[in-house]
Amino acid sequence: MKHLPELHSQFDLSEARIDRGQLVERRLSDLAGCFEDEDSFAKSLAKGNPLIYQVSSQEPGNGLGDMHFGIGMLMPGRIGDEYYLTKGHLHESREAAEVYICLSGTGAMLLEHEQTGDVQLVPMTSHSFVYVPGYTAHRTVNTGIEPLRYIGVYPANAGHDYQTIAKRGFRHRVVATTDGPQLLLRESHS
Ligand code: PAN
Ligand code: ZN
């Protein structure tokens, strides 16, 4: 069966790009304020401004019931003891959930419920799904030594609220310890 061209898109796993995708790139400087250790952040930034993650996404429609989707690639690395991470956000439509499909690499999804404060660190390993419920701030961290690649699928009306996170921050952070990745309370959280 021949697909209509706009309904079929190929993605490049290694480059983490979808055909006709809009590309967003986040460099270290875009993540100011996200890491606890500001001295380590400043020292790393003085050495260069590497790409930390990118998302290539498609927004085929904005009608009721439409879906958006994107493929992300988060690089391995740390600032101090804290793993490289995405900015993280709540959905503007708070009830909007999201499905992540983990393709390669090793990481975790930090989930914090906006009202209850319930926190979960959900493993992201290749060939697994992570379900992100509504009303939940979500941030991806790469706890491995390879790029973490994943696909996210969410309702078209979800929207991205970065401001609430920028103001309040996440209450927890994910750090490297001799026992592996651990979830700690963020000291600077207000
Ligand atoms: C994902 C994220 C992606 C990048 O596609 O947008 O992981 O993270 P930030 O958006 O927090 O920079 C998603 O959750 N979309 O809703
Ligand atoms: Zn999301």
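All ligand and atom numbering here is 1-based and tracks the order in the structure. Quick caveat, the model's predicted, so the values are computed rather than measured. For reference, positions follow the sequence shown, starting with 1.
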### Summary
Rounding to 0.5 Å, atoms CG (L51) and CG (L74) come to a distance of 9.5 Å
### Task
Go through ligand 1 atom by atom and flag the ones less than 4.0 Å from a non-hydrogen atom of G88.
11 (O)
### Atom indices of ligand 1 within 4.0 angstrom of E98 heavy atoms, with elements
1 (C), 5 (O), 13 (C), 14 (O), 15 (N), 16 (O)
### Task
Indicate yes or no: does an N/O atom of V55 lie under 3.5 Å from an N/O atom of ligand 1?
no
### Query
Short list, please: which atoms of ligand 1 are under 4.0 Å from a heavy atom of Y162?
9 (P), 10 (O), 11 (O), 12 (O)
### Query
If you round to the nearest 0.5 Å, how far is CG of D39 from CD1 of I79?
11.5 Å
### Task
Write out the residue and atom name of the closest protein heavy atom to atom 12 (O) of ligand 1, then the distance separating them to 0.1 Å.
Y53 OH, 2.5 Å
### Task
Mark up the atoms of ligand 1 that fall under 4.0 Å of a heavy atom belonging to H138, in ascending order.
14 (O)
### Message
Ignoring hydrogens, what is the shortest heavy-atom contact between K87 and F170? Give both atom names and the distance.
### Response
O-CE1, 3.9 Å
### Message
Among all protein heavy atoms in this structure, tell me which lies nearest to atom 8 (O) of ligand 1, with the distance rounded to 0.1 Å.
### Response
T86 CB, 3.5 Å
### Message
Please find the pair of heavy atoms, one from L148 and one from V141, that lie closest to each other, and give the distance.
### Response
CD2-O, 3.6 Å
### Summary
Per residue E98, nearest N, O or S atom to the Zn ion (ligand 2) is named OE1
### Message
I'd like to know if the side chain of H68 pairs up with that of N62 as donor and acceptor (distance under 3.5 Å, no hydrogens or angles considered).
### Response
yes
### Query
Tell me: protein heavy atom nearest atom 6 (O) of ligand 1, and distance?
H89 CE1, 3.7 Å
### Query
Identify the closest protein heavy atom to atom 1 (C) of ligand 1: which residue and atom is it, and at what distance?
Y100 OH, 3.2 Å
### Query
Does one hydrophobic cluster hold both V153 and L103, with members joined at side-chain heavy-atom distances below 4.5 Å?
yes
### Query
To the nearest 0.1 Å, how far is atom 7 (O) of ligand 1 from its closest protein heavy atom, and which atom is that?
Y150 OH, 2.6 Å
### Task
Dump the intermediate steps for salt bridge (charged side-chain N to carboxylate O under 4.0 Å, His left out) on D81 and R173, then the final yes or no.
CA-CA 10 Å; D81 59 1; R173 64 197 189 104; 3.2 Å; yes
### Query
Relative to the ring of H160, is the ring of Y154 parallel (under 30°), tilted (30 to 60°) or perpendicular (over 60°)?
perpendicular
### Query
Heavy-atom contacts under 4.0 Å between H91 and ligand 1: side chain, backbone, both, or neither?
side chain
### Task
Taking the Zn ion (ligand 2) as the vertex, measure the angle between atom NE2 in H89 and atom NE2 in H91; round to 10°.
100°
## Note on the structure
What one should report as the nearest heavy-atom pair of S9 and Q58 is OG-NE2, 3.1 Å
